Amino acid sequence: MPHSAAIISGIQRMVLYETRARYFLVGSNHAQTRHRVLKIDRTEPKDLVIIDDKHVYNQQEVRELLGRLDLGNRTKIGQKGSSGLSRAVTAFGIVGFVRFLEGYYIVLITKHRKMADIGGHSIYKIEDTSMIYIPNDSVRVTHPDEARYVRIFQNVDLSSNFYFSYSYDLSHSLQYNLTLLQRPYELWSSVPISSDDEMHRKSKQDCFDIFEDEGLPTQVVYGVRNEPYYKYVWNAKLLERVKDIVHPDWLMYIIHGFCGQSKLLIYGHPLHITLIARRSSKFAGTRFLKRGANCEGDVANEVETEQIVHDASVMSFTAGSYSSYVQVRGSVPLYWSQDISTMMPKPPIRLDQADPYAHVAGLHFDQMLQRFGSPIIILNLVKKREKRKHEKILSEELYPAVINLNQFLPPEHGIEYIAWDMARYTKSKLCNVLDRLGMIAENVVKRTGFFINRSEFYCHTLRLDDRWEDAGGYITASGRLQTGVLRTNCVDCLDRTNTAQFMVGKCALAYQLYALGMIDKPKLQFDTDCVRLFEELYEDHGDTLSLQYGGSQLVHRVKTYRKIAPWTQHSKDIMQTLSRYYSNAFSDADRQDSINLFLQVYQPSESKPHLWELPTDFYLHQSSTMALPQESRSYTLWWTHGILAYLPLPYDEVPCEETMKKVEAKRVNRFDESIDIYTEFFKPYEITSFDDTFCIAMTNSAREFMPKTVGLDPSPFTVRKPEETGKSVLPNKSSKEEAVIQRKTAASAPPAPNEEAMSSSSEDDSEEDRDDDASVSQRSTPIKLLTESVDSTRTQEDIQQQHHKEPYGLNLSEFLDEKDLLIYESFAHLGENQHRVEKTEDFNLSNILGLEAVSSFPEDSVFEVSAPQVDTDSRDVFERHVLTGQGQLRALCRDDMLMYREYVKNRYL
């Protein structure tokens with residue numbers, strides 16, 4: 001039994017009710033067994049007054065409360081015509097509260113879609129939001145610039161790549177989340193009792209414990225909720241005003257970046273490959289407007305990418321096998337920028353401020369040592385040789401800064417620096433770029449290692465592999481930890497960086513699959529189903545991050561550097577370059593204002609100039625430059641106190657006194673629904689359709705990539721020719737459908753059509769997604785009654801024969817020709833001659849070998865087998881099953897209808 005488990009948020013659905021004086025936000029868990037109520041005052045014109053009574057209601061109590069509120073807020077007592085309590089909106093979470101120049105707004109998530117599943121913990125993408133003004137119209141004080149601020153705030157499209165989870169901390173890595181749950185029992189037993197525990201003790205007489213009457217002790221588990229890593233949280237400022245007022249279940253932190261998941265089938269064994277990218281909310285912005293670093297060590301375009309591989313056949317975090325690998329991209333940590341006033345495609349790079357003691361770089365690498373441990377490896381991909389100095393300026397400043405910082409660190413924990421001119425190698429016909437990147441990736445993964453939560457297989461010690469013996473990381477009794485991280489950068493951290501990260505991720509994926517026991521050597525080849533699936537995930541990942549920062553999709557992809565891209569790719573690259581230039585020149589300034597307002601870097605006030613009147617946002621992101629520092633930071637001891645004592649382990653993951661302050665724990669029964677991930681994932685109280693489940697809809701290597709012809713190895717690790725892939729032998733489709741198939745990954749997987757996972761897509765992809773959904777929905781078999789005509793049955797049989805012909809390459813219903821029969825007879829005679837025992841009438845295997853038959857068949861030998869006897873009831877069940885599979889269904893009997901009516905009565909009435 002696990003000692004600790006992650007706490008599942010008790011508020012996953014909410015309804016906003018409105019009266020003239022208050023808003024009542026009623027939140028409940030998914031099963032709607034526990035409810036909480038939040039009261040928001042509407043009579044204050046510019047202040048936010050929120051009351052959380054901390055009481056947990058059941059369904060009956062909430063109905064009575066709403067009934068009393070409705071009755072008490074009617075204009076006349078006893079009046080039935082008008083309601084005193086109206087339902088405003090249904091939501092799935094609170095993004096936050098924001099105020100400009102008038103009163104406060106509340107931002108609610110009204111649509112969401114499931115994007116990934118990690119150990120039963122669901123990850124959702126925001127599909128739509130609603131922004132509601134809180135004060136009543138009677139007390140509203142209008143301001144002429146309020147509408148403009150609202151438009152700027154809403155320019156941040158929350159339906160585009162914002163993610164959240166009710167039970168999984170997306171701001172931290174899988175390694176952090178699992179090591180937190182694996183901390184010793186003594187640490188949790190010393191945690192003080194929280195207020196929730198006291199409330200549960202007071203209401204203990206209302207609970208029923210199945211072990212109490214038997215004299216057995218109640219099994220206690222510590223529910224754990226940790227503080228998020230605010231650097232990757234995008235709504236922290238929007239929730240800051242209410243964080244200390246409301247219950248933690250009301251607080252839902254969202255991240256911005258990318259999330260995609262695909263299923264890798266290895267001879268039917270499912271593995272889920274998940275890619276999560278977390279974009280930093282510090283020094284965030286657009287391409288040319290945010291370069292380098294600010295005075296606090298936060299760099300532009302900083303993204304933490306984590307690839308998670310886990311065995312999907314076992315869901316539990318404690319019993320399952322999980323592995324992850326983390327790498328980082330970010331701008332060069334120096335004071336530098338580019339002047340965009342000249343309207344040049346490549347504005348000149350300029351160093352804004354001299355930093356001889358590498359102060360800003362030290363702050364940045366201090367953050368990385370604290371989060372990732374050592375070693376920190378820098379892969380610098382900027383150009384070295386140029387006719388006119390451009391990118392080389394950054395290398396000439398970064399390398400001395402690293403040398404200066406390393407002289408104060410212990411040698412075994414020093415920052416490693418790798419400089420490689422990737423653009424120059426790409427132009428050379430003699431050099432293979434990806435081979436060189438593969439060598440770098442191999443060395444990096446061996447230095448940093450990767451995370452896995454299980455110990456080594458015994459087969460790894462029997463069949464030793466040289467690569468596996470050199471694998472790095474920190475080995476523990478329960479597995480292996482990643483220590484250190486690779487930090488990749490070019491100038492933009494887009495095209496070259498994404499390809500380099502893909503190669504490192506591909507190398508790490510091989511080690512992860514080997515550690516999980518799926519392959520015999522930690523190496524993967526190109527042109528396999530596994531690598532194709534992983535490449536598509538990374539291309540979607542790169543396109544998404546490039547659109548967020550640069551305004552266009554990737555210009556150079558993995559196929560470009562492999563030099564196998566089709567000739568049409570060149571024209572697409574030109575269009576992406578023009579799109580990026582247009583976005584940088586005309587729309588980046590407005591996007592930057594929206595990001596500054598959403599992150600509350602700029603907070604409007606009547607005493608300050610408006611956001612659009614500021615000549616620059618430099619001082620908004622360089623806050624410490626406006627005040628004298630209270631104490632100067634040491635240039636030699638540039639790291640945070642206490643970090644070196646735990647290296648190479650990351651300080652954030654060490655169970656010391658400082659880190660335990662960020663964790664909240666409470667004692668609960670092991671069957672309590674606040675930690676019951678089984679009920680949270682499977683939802684046994686709901687009727688669901690198997691075809692609508694997320695694991696069926698996600699990208700599948702067997703369905704999307706495996707060849708549909710006979711005679712080819714179905715292994716996803718077999719190298720295939722381009723014409724042998726599953727996508728190239730699909731039936732003739734229109735060009736539009738082919739484009740949908742080519743870009744379809746877990747990020748665009750068809751969602752479930754229920755209300756909780758609304759299939760609302762972004763505006764630019766809506767038409768293609770509808771076509772994609774239509775093509776997927778054709779897999780479901782139409783239900784027909786037996787009273788239909790025979791012709792429809794024949795057409796159904798014809799369709800079924802066509803389906804058989806696709807995977808097997810022949811029609812099984814046709815009789816074999818004479819040549820094939822002769823071949824089969826000769827093969828059968830050859831098999832008989834290989835056995836020395838001849839067939840006789842009284843042949844009995846037990847008389848010869850002296851063994852008892854273990855088969856249930858009456859006769860059993862290498863020559864013949866007679867079918868077992870099947871009773872009539874079993875035949876009837878099987879025939880009904882076959883008819884249902886063919887789309888035919890018998891009419892429901894009276895008992896079936898009565899059972900269904902009883903279910904509807906108990907569930908909904």
Side-chain angles (χ1 to χ4, degrees), residues 2 5-15 26-36 56-60 62 90-93 109-127 163-170 221 223 225 249-250 252 259 261 263 270 272 274 310-320 668-698 746 749-760 776-777 780 899-900 902-909:
I7 293 178
I8 304 169
S9 175
I11 298 176
Q12 300 185 16
R13 292 181 177 180
M14 51 187 69
V15 180
V26 180
S28 68
N29 58 357
H30 201 282
Q32 297 187 1
T33 57
R34 294 183 177 183
H35 302 258
R36 291 182 181 272
V56 179
Y57 300 85
N58 59 31
Q59 199 164 13
Q60 183 64 29
V62 165
T90 303
F92 301 98
I109 300 171
T110 55
K111 293 179 184 177
H112 70 308
R113 176 159 59 105
K114 188 173 179 178
M115 296 302 298
D117 161 56
I118 303 174
H121 300 267
S122 300
I123 300 174
Y124 298 95
K125 176 180 179 290
I126 299 176
E127 291 289 313
Y163 305 93
F164 68 93
S165 176
Y166 295 115
S167 55
Y168 183 80
D169 186 2
L170 286 173
V221 176
R225 179 188 282 117
D249 283 349
W250 290 102
M252 190 184 66
C259 180
Q261 188 174 57
K263 183 190 296 182
H272 287 179
T274 313
H310 73 273
D311 188 349
S313 59
V314 181
M315 188 185 71
S316 169
F317 270 160
T318 54
V668 294
N669 189 295
R670 66 170 300 191
F671 302 106
D672 191 88
E673 59 184 6
S674 65
I675 60 168
D676 187 3
I677 197 63
Y678 176 86
T679 304
E680 172 70 17
F681 180 76
F682 289 103
K683 299 178 177 61
Y685 43 82
E686 287 187 355
I687 289 185
T688 56
S689 172
F690 184 72
D691 283 340
D692 293 336
T693 56
F694 175 73
C695 61
I696 298 297
M698 76 165 66
N754 54 0
E755 184 181 359
E756 298 89 315
M758 204 67 184
S759 60
S760 171
V776 173
S777 63
S780 58
M899 185 185 300
Y900 180 72
E902 186 69 16
Y903 165 76
V904 173
K905 179 180 177 181
N906 294 335
R907 181 69 177 88
Y908 297 105
L909 299 182

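Numbers here simply count residues along the sequence, with the first being 1. Please read all numbers here as calculations on a predicted model, not as lab measurements.
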Quick check for you: to the nearest 0.5 Å, what is the distance between [X] atom [atom1] and [Y] atom [atom2]?
{"X": "Lys111", "Y": "Ile126", "atom1": "NZ", "atom2": "CD1", "value": "14.0 Å"}
{"X": "Arg113", "Y": "Tyr124", "atom1": "CZ", "atom2": "OH", "value": "13.0 Å"}
{"X": "Tyr685", "Y": "Thr33", "atom1": "OH", "atom2": "OG1", "value": "8.0 Å"}
{"X": "Ile7", "Y": "Asp169", "atom1": "CD1", "atom2": "CG", "value": "12.0 Å"}

**Report entry** Partners passing side chain to side chain contact (heavy atoms under 4.5 Å, CB included) against Met315 (at least two apart in sequence or in another chain)
**Finding:** Ile677, Phe681, Phe682
Under the 3.5 angstrom rule, does the side chain of [X] hit a backbone N or O of [Y] as a donor-acceptor pair?
{"X": "Ser674", "Y": "Ile8", "answer": "no"}
{"X": "Tyr168", "Y": "His121", "answer": "no"}
{"X": "Lys114", "Y": "Ser122", "answer": "no"}

[X] versus [Y], closest heavy-atom pair with distance:
{"X": "Ala116", "Y": "Thr274", "result": "CB-CG2, 4.2 Å"}
{"X": "Arg36", "Y": "Val56", "result": "NH2-CG2, 3.5 Å"}
{"X": "Thr90", "Y": "Thr110", "result": "O-CG2, 3.9 Å"}
{"X": "Cys259", "Y": "Met115", "result": "O-CE, 3.9 Å"}
{"X": "Ser28", "Y": "His35", "result": "CB-ND1, 3.3 Å"}
{"X": "Val62", "Y": "Tyr57", "result": "CG2-CB, 3.4 Å"}

Report task. Check step by step if side chain to side chain contact (heavy atoms under 4.5 Å, CB included) holds for Phe164 and His112. Result -> CA-CA 9 Å; Phe164 68 93; His112 70 308; 3.9 Å; yes
Query raised in the report: Between the side chains of Ser167 and Glu680, is a donor N or O closer than 3.5 angstrom to an acceptor N or O?
Result: no
Requested in this report: List the steps, then state whether side chain to side chain contact (heavy atoms under 4.5 Å, CB included) holds for Phe317 with Ile118.
Outcome: CA-CA 9 Å; Phe317 270 160; Ile118 303 174; 4.1 Å; yes
Report task. Please report the C-alpha distance between Thr688 and Lys683 in whole Å, then the side-chain angles of each, then the deciding distance to 0.1 Å, and finally whether the side chain to side chain contact (heavy atoms under 4.5 Å, CB included) criterion is met. Result -> CA-CA 9 Å; Thr688 56; Lys683 299 178 177 61; 5.7 Å; no
Query - Met252 vs Ile109 side-chain heavy atoms within contact, under 4.5 Å - result: yes
